[in-house]
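Only one structure is covered here, and it is reproduced in the block below.
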Protein chains: 2
Amino acid sequence: MKTFSEKLFMNELRKKYRPATIIEVARRAGVSPATVSRVLNGTAAVVPETEQRVREAIAELNFTPHPAARQLINQRTNAIGLLLPEISGEFFPPMLRGIEAEVRNSGYDLLIHSTQENLNSGRRPLREHNTDGLIVFPESVDDAELHRLFKIGFPVLLLHQSSPEGISFPIVTVENKSGAEMLINHLIEAHGRRRIVYLQGPESHQDSRWRERGYRDALESHGIPFDPELVEYGGFDEAEACDAIRQMLIDGVDFDAVFAGDDDAATGVIAALKQAGRDIPGDVAVVGFDDVPFSRFISPSLTTIRAPIEQVGREAVKQLVSLIEKGHAEPEILLPTEIIIRQSCGCP
Amino acid sequence: MKTFSEKLFMNELRKKYRPATIIEVARRAGVSPATVSRVLNGTAAVVPETEQRVREAIAELNFTPHPAARQLINQRTNAIGLLLPEISGEFFPPMLRGIEAEVRNSGYDLLIHSTQENLNSGRRPLREHNTDGLIVFPESVDDAELHRLFKIGFPVLLLHQSSPEGISFPIVTVENKSGAEMLINHLIEAHGRRRIVYLQGPESHQDSRWRERGYRDALESHGIPFDPELVEYGGFDEAEACDAIRQMLIDGVDFDAVFAGDDDAATGVIAALKQAGRDIPGDVAVVGFDDVPFSRFISPSLTTIRAPIEQVGREAVKQLVSLIEKGHAEPEILLPTEIIIRQSCGCP
DNA sequence: TACTATTATGAAAACCTTTTCAGAAAAGCT
DNA sequence: AGCTTTTCTGAAAAGGTTTTCATAATAGTA
């Protein structure tokens, strides 16, 4: 709650820069507000001479329609909300870039809310009141809220995540399974690795599960039995992955390669292995997923899967906009992945 | 413009999820909308028993006040706008993280607009109509618009940038001069370098100019004459910096160290030098600025200045909020920097 | 108890657009 | 020319909230 003097101040300030309204434009052009609205939105014919006067008045007063008034009458906010668990790191920025560009391109505004710090605050400020649709990342909205949104038919698009039980929102993600398969095949075929650790990401990421399937299938097709001891939870996060590998080393688990959950995790894996004096890729090969920008700078440079992150963001927005404006979207879009071979796998 | 059938669809859909209004809450609680508003905002006393009934009604109807209606009457959007030239890279994400966290913390929403792709689009969708204040990065708003905003007294905070001629907005940035001085002193004193290239960033960044002053002062205090041949425009960008260094090598400029504009630029410098077969730091020492996350992963690991990027973002929001709510802010805040010595300068 | 001072509540206006409805003017027809 | 159709425009309502003003009810005072 504001103090009295603050409120006073804000009111006083406000008067200073009160923008022109449609009524003032109308008065100046000698027409009614309705007519101004019509030339503004091209929603009905007005005689050219009148239109000209109105346009002049608009220009002279530097008039811009007040978004709140429009929202109120049109019941549209013209904004898209993005809910994500974290903003920095290596993965989210390019994603954000794609989303922002496409949102702008579609004529919407972008509202961003990261849930990391304030998940417990209870306030969920992005919803049907202030957006026309939501793009949601795993771990940023709980299932109850998703169910609620589904029930009221609110446009939602899920990113790198499948719908919770009983509801179905459209989703956009990448070809995780074939990507993982390419990686594991390469480790087995080109480098003869057979004890390959899989550091899985959070359960809620559909991505993780698909990568695991690719991992299992690749193993199976080479006649290597699946060993649960080699699958560990490592998150999509440098620190967690580092800890996980450290623990495996302490436990004396025998492995000659690590498929990290993603590139961020791979960085943690490499740190843990170096610290333990293991040679990469001599003793242990390491591969990641995503091909974030710095993957080629770390040493050894990281063999990984290039996921078109930015494009995933763009596609997500396209689908959401279609859902908002046309009422339908592709139920599932998988963008293709590509293997990027560098040195951490053992290639020269 | 939407087609008729699209509009039809949207109208139809809208009815499905029409949220409860304050009037319905009032009716259910057997009071007037005014009273509901009062319990909602604590703006006047209501007898406890009535308040109780209202709260129940609110909960039962899952009521949330409609932001647009509030904006309209209050003349506040409760949103802060962020205008920046680019979203990805290594510098912006942590900044964005700090800004987002603090914006949320202050009870505002965050609207983001990156100007990179659509500077020419003419539309500048973030302004006094849809935000209560703006945080602006260099190169994302032209001077005319800044002048306009200043004239109408709209709250604006400048980041890493000084106000254009004739107007003065509060600004937040880091201790650039002393940071640069530390770096150059170190190169001279610890590693005996004397032909130090300075790759400056964009002119509009106040940062660049202060770093140059630090560079010059450090040189002067060691009796090394300033050589304009050693100062080149390199941007805050990997590719530009890479090109600049390549060109200097072609031109046969003699140098034994490079102070890149920032860490992103330093990456480009290192790439160019490696490509030309120069040893880093043997032949040429390289130092950056910012200490972005990957600086410790590149090889050789980068000696740089740690700028509290995230904290700059937080501070910027704090100042802007103060400007919005109290009408005043610190005219200039400089956050302290710290030298981070790694290997690219020649240290072991 | 009668009167004033205080407190709690409601009615209505205001914020700024868009849109419907109806009316006026113009055009088209016989 | 008289009538119908079309085209253009304005008045008014609606959208959901907050706030001012007035009134009714309560508490306080003598």
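The sequence lines fix the lettering, A, B, ..., with proteins before strands; numbering per chain opens at 1. As the structure is a prediction and not an experimental result, all values here were calculated from the model.
Partners of B:Gln206 under the side chain to side chain contact (heavy atoms under 4.5 Å, CB included) rule, at least two apart in sequence or in another chain, are B:Ser162, B:Ile171, B:Thr173, B:Trp210, B:Glu332. Considering only residues two or more places apart in sequence or on other chains, A:Pro93 meets the side chain to side chain contact (heavy atoms under 4.5 Å, CB included) condition with B:Ser88, B:Pro93. Applying the salt bridge (charged side-chain N to carboxylate O under 4.0 Å, His left out) rule to A:Glu315 yields no partners; only residues at least two apart in sequence or on another chain are considered. Scanning for salt bridge (charged side-chain N to carboxylate O under 4.0 Å, His left out) contacts around A:Glu49 gives A:Arg53, with sequence neighbours left out. For A:Glu51, the salt bridge (charged side-chain N to carboxylate O under 4.0 Å, His left out) test picks out A:Arg55, with sequence neighbours left out.
Comparing the axis of the opening five pairs of the helix from C:dT1-D:dA30 to C:dT30-D:dA1 with that of the closing five pairs yields an angle of 40°, rounded to 10°.
Side chain of B:Pro65, nearest nucleotide from D:dT17, C:dT19, C:dT17: D:dT17. In the set D:dT18, C:dC16, D:dG15, the nucleotide with an atom closest to the side chain of A:Ile73 is D:dG15. The A:Val47 side chain lies nearest to D:dC8 when the options are C:dT17, D:dC8, C:dT19. Looking at the side chain of B:Leu72, the nearest of the listed nucleotides D:dT17, C:dC16, C:dT18 is C:dC16. Side-chain proximity of A:Thr21 to C:dC16, D:dT17, D:dT19: nearest is C:dC16.
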Where along nucleotides 22-28 of chain D does protein come under 4.0 Å, by heavy atom, of base (B) or sugar-phosphate alone (S), with - for untouched nucleotides? -------
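At a threshold of 4.0 Å, the pair A:Arg148-A:Glu145 counts as salt-bridged, since one of the basic side-chain nitrogens sits closer than that to a carboxylate oxygen. Using a 4.0 Å cut-off between charged side-chain N and carboxylate O, A:Lys318 and A:Glu330 make no salt bridge.
Residues of residues 50-60 of chain B that place a heavy atom closer than 4.0 Å to DNA chain C, in numerical order, are B:Thr50. If you check residues 26-38 of chain B against DNA chain C, the residues with a heavy atom closer than 4.0 Å are B:Gly30, B:Val31, B:Ser32, B:Ala34, B:Thr35, B:Arg38, listed by number.
Residue pairs that meet the ring pair (Phe, Tyr, Trp, His ring centres under 6.0 Å) test with at least one member in residues 55-86 of chain A, sequence neighbours left out, are A:His66-B:His129. Applying the salt bridge (Lys or Arg N to Asp or Glu O under 4.0 Å) test to every pair with at least one member in residues 20-43 of chain B, sequence neighbours left out, gives these pairs: B:Arg28-B:Glu60.
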Polar atom pairs (N or O), protein with nucleotides 24-28 of chain C, under 3.5 Å:
none

